[in-house]
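Note sheet for the following structure.
Every chain is numbered from 1, with letters handed out A, B, ... down the list of sequences.
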Amino acid sequence: MKATVRLTLPDGSVKEMPVGTPARAIAEAVSPRLAKAAVAAAVNGEVWDLNRPILGDATVEIITDDDPRALDVLRHSTAHVLATAVRQLLPDANIGFGPAIADGFYYDFEVARPFTPEDLERIEERMREVAQRGHEFVREEVSRDEARERFLDDPLKLERLEELGDDEVISVYSDGGFVDLCRGPHVQSTDRIKHFKLLHAAGAYWRGDSSRQMLQRIYGTAWFKQADLDAHLRRLEEAEKRDHRTLGKQLDLFSIHEDVGPGLILWHPKGATIQFELKRFIEDELLRRRYDLVYTPHVTREQLFFRSGHLPLYEDHQFPAMAAGEGESQEFHYRVKPMNCPMHTLVYASRQRSYRDLPVRLAEVANVYRNELSGTLHGLLRVRGLSMDDAHIFCREDQIEDEIFDLIDLTDLVLHRTFGFEYRIDLSTRPAKKIGSDDMWDVAEAALRGALERMGLTYGIDEGGGAFYGPKIDVQLRDAIGREWQGATIQLDYQLPERFELEYTGADNRPHRPVMIHRAILGTVERFVGCLIEHFAGAFPLWLAPEQVRVIPISEDQKQVAHAIDERLRARGLRSSVDDRNETLNYRVRDGELVKVPYMAVVGRREVEQGSVAVRVRGASKKQAIMSVDEFEERAVRQVRDRSLSLE
RNA sequence: GCUGACGUAGCUCAAUUGGCAGAGCAGCUGAUUUGUAAUCAGCAGGUUAAGGGUUCGAGUCCCUUCGUCAGCUCCA
């Protein structure tokens with residue numbers, strides 16, 4: 001057996017080291033500085049503990065605390081410290097899973113009673129003690145029998161253990177008396193863990209299965225630097241301030257009333273204005289791109305959804321059936337529609353189609369209703385009554401790529417060029433359980449890829465993540481404070497054309513089956529408006545702002561002129577109003593700022609004499625610009641037309 | 001749907017061990033005529049989510065229902 005191993009470092013240099021040398025030794029050999037910053041190592045690309053002996057030739061890269069992979073290690077280790085502390089305080093607690101997640105970690109426990117906020121404080125305090133003690137994280141590889149022995153009192157761990165394959169290495173990590181079945185890796189010692197905070201506790205089903213017992217999950221966050229932790233906590237606060245439910249109330253955009261029902265939105269005039277502008281923008285764009293608008297009923301005989309296959313598969317998400325009216329045949333039951341595709345399919349099938357007619361693009365910003373679980377409802381982001389910016393494209397296989405290309409362009413226009421979102425694209429390919437031949441899938445996936453590449457876009461691939469009826473493209477958008485939201489979705493469908501026997505006559509005078517593309521660019525109007533509220537923190541760009549201009553006469557003497565200016569702005573299509581309430585100027589300016597009116601046009605004695613207005617731009621206090629009414633009017637109209645994101 | 005927490009005026013929040021339901025803002029009325037983030041005074045506003053129970057007495061304790069929130073799950 002060789003006594004040394006050849007370790008290749010990222011700079012290409014090769015170090016000859018004794019077998020079993022840990023990555024830590026390499027870091028120390030390079031520089032004390034590197035050793036200090038080192039958190040873990042990538043050995044042949046796999047993240048390892050610094051202390052884990054390297055037994056064969058390998059590439060080794062030291063992962064330092066500024067590497068994103070290091071944060072996962074730190075957070076995972078913090079989760080172990082959490083479990084260590086909980087076990088010390090509650091020795092009977094059974095442990096579930098405790099992984100690192102985006103921005104933090106959690107750990108699941110099976111305990112006699114749920115954790116209270118006071119419990120969290122006590123646990124966090126104990127965590128600090130554990131961390132400060134500097135327990136080594138010790139990794140051991142054990143046999144299955146030995147592992148069974150060790151986790152005799154941990155039924156949840158035993159269950160996981162039995163699922164591990166025979167060829168898998170079973171590793172166990174311990175720190176300060178706490179032992180966990182765990183793949184690792186971990187930081188070297190608990191004293192590396194300094195900057196963390198427990199955030200909240202909530203119930204979570206074991207293995208995410210609602211038929212299994214409920215565990216108590218504790219969430220937390222951990223960082224290498226105090227400044228990073230502080231910044232993260234500030235981000236959470238900022239997100240809370242932007243919460244669309246709070247802003248929706250403050251800005252009088254929408255409400256949800258108990259008597260109407262949960263998940264059903266009452267759009268107030270100001271919120272409705274935003275929706276109106278959004279729909280107008282989208283529909284104008286669709287017409288330009290040769291879509292046709294359609295309108296279809298909100299209620300239908302349920303046989304339609306049996307034919308489409310939604311029933312009984314999707315029944316849990318549909319509202320219950322309604323009987324037909326008295327005196328009518330009771331043979332048919334009706335359903336409120338949860339989707340539009342079957343109806344659009346019928347519009348397609350309402351007459352013969354030639355290959356020359358394709359693609360047929362049918363669009364409808366449609367209200368649909370889905371009976372979502374009560375516990376999942378959340379403001380505008382998850383609702384039961386929603387308006388999809390839905391469309392279905394019926395095309396030939398050779399047209400798929402061009403259609404997808406156009407859809408991605410549309411997505412970029414809407415999300416990026418219009419609203420300034422950055423976004424990320426994922427392509428989901430064929431799942432194990434699918435319909436259609438492999439040839440069909442080859443064509444479909446190649447078309448999606450081709451369009452993405454023609455666009456010059458980078459995208460991720462979710463292998464096997466497609467729907468059973470076709471591959472899809474999902475777009476995740478990133479908002480002003482870095483959060484990701486589900487944006488557009490584009491799905492190919494070979495199933496519905498089959499079920500509804502859709503056809504077109506080809507150049508060969510033979511019947512052919514079209515392909516169907518389902519797509520939503522905004523997702524749903526409700527969710528998108530919610531996202532916009534948080535993205536802009538309620539300060540909408542001029543074209544979307546429910547109230548664009550507020551004209552404020554300083555005293556009664558300017559009242560008439562103010563109303564005349566308001567009339568002029570209204571005549572140009574601007575949403576203007578006059579605040580001539582009997583209040584001080586300061587009061588009225590403050591009021592306008594609080595509801596985030598983009599422009600306040602103040603009219604005093606000087607302005608009346610000059611035919612001008614003193615324009616105050618939202619958020620820019622004390623820097624008013626005096627300009628003629630004409631100039632202001634042109635400026636505002638131009639910005640609305642351009643859908644400008646900033647005010648000038 | 002499940003687990004836990006919560007529900008007081010339009011909004012934000014008080015109310016001691018069970019002991020007279022209160023404040024600020026918003027609203028209304030009046031005075032004031034205002035030069036860029038809150039002028040002053042007065043008035044009005046409540047079946048304490050709904051229903052039931054315990055008690056001399058319930059916003060407060062117990063039960064049921066509805067709703068909200070944090071998650072689980074699922075998705076757009």
Nearest heavy atom decides the nucleotide; on that basis, is A:Val603 or A:Thr584 closer to the 5' end of RNA chain B?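 Closer to the 5' end of RNA chain B: A:Val603.
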Of A:Gly261 and A:Glu607, whose closest RNA chain B nucleotide lies nearer the 5' terminus? A:Glu607
Please determine if A:Arg217 forms a cation-pi arrangement with A:Tyr106, meaning its NZ or CZ atom is less than 6.0 Å from the six-membered ring centre and no more than 45° off the ring axis.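 A:Arg217 over A:Tyr106 ring: yes.
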Does [N] have OP1 or OP2 sitting under 4.0 Å from an N or O in the side chain of [X]?
| X | N | result |
| --- | --- | --- |
| A:Arg245 | B:C69 | yes |
| A:Arg382 | B:G71 | no |
| A:Lys249 | B:G10 | no |
| A:Thr376 | B:U73 | no |
| A:Asn586 | B:U36 | no |
| A:Tyr587 | B:A26 | yes |
| A:Tyr219 | B:C72 | yes |

Any idea which of [options] is nearest the [X] side chain?
| X | options | value |
| --- | --- | --- |
| A:Leu594 | B:U68, B:A37, B:G71 | B:A37 |
| A:Val383 | B:U36, B:U3, B:A76 | B:A76 |
| A:Ala614 | B:U68, B:U36, B:G1 | B:U36 |
| A:Arg590 | B:A38, B:U39, B:U36 | B:A38 |
| A:Leu585 | B:G1, B:C74, B:G35 | B:G35 |
| A:His378 | B:A70, B:G27, B:A76 | B:A70 |
| A:Val589 | B:A37, B:G27, B:G1 | B:A37 |
| A:Gln624 | B:U36, B:C72, B:G1 | B:U36 |

Output the rounded distance in Å from [atom1] ([X]) to [atom2] ([N]).
| X | N | atom1 | atom2 | value |
| --- | --- | --- | --- | --- |
| A:Lys472 | B:C75 | NZ | C1' | 9 Å |
| A:Glu364 | B:A76 | CD | P | 18 Å |
| A:Gln476 | B:C75 | CD | P | 14 Å |

Considering only the [atom1] atoms, how many Å lie between [N] and [M], rounded to the nearest integer?
| N | M | atom1 | value |
| --- | --- | --- | --- |
| B:A50 | B:C11 | C1' | 22 Å |
| B:G45 | B:G24 | C1' | 14 Å |
| B:G4 | B:U65 | P | 13 Å |
| B:C20 | B:G46 | C1' | 15 Å |
| B:C6 | B:C40 | P | 38 Å |
| B:G52 | B:A14 | P | 28 Å |

Side-chain donor-acceptor pair under 3.5 Å between [X] and [Y], yes or no?
| X | Y | result |
| --- | --- | --- |
| A:Glu159 | A:Trp206 | yes |
| A:Thr584 | A:Asn586 | no |
| A:Tyr107 | A:Gln216 | no |

Considering Watson-Crick and G-U wobble pairs with both distances under 3.5 Å, what does [N] pair with?
| N | value |
| --- | --- |
| B:A5 | B:U68 |
| B:A41 | B:U29 |
| B:G46 | none |
| B:C11 | B:G24 |

Give me the atom names and distance for the closest heavy-atom approach of A:His535 to A:Phe419.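 Minimum heavy-atom contact is NE2-O, 3.3 Å.
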Given the structure, check if the side chain of [X] and the base of [N] hold any donor-acceptor pair shorter than 3.5 Å.
| X | N | value |
| --- | --- | --- |
| A:Tyr205 | B:G71 | no |
| A:Glu372 | B:A76 | yes |
| A:Gln558 | B:G35 | no |
| A:Arg616 | B:A37 | yes |

Heavy atoms of other groups near A:Arg605 CZ, more than 12 under 6.0 Å: no
Could you check whether atom CD of A:Gln560 has more than 12 heavy atoms from other residues, nucleotides or ligands sitting under 6.0 Å from it? no
Determine the contact category for A:Gln486: base if any of its heavy atoms lies under 4.0 Å from a base atom, sugar-phosphate if only primed atoms, P, OP1 or OP2 are that close, otherwise nothing.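 Result for A:Gln486 = sugar-phosphate.
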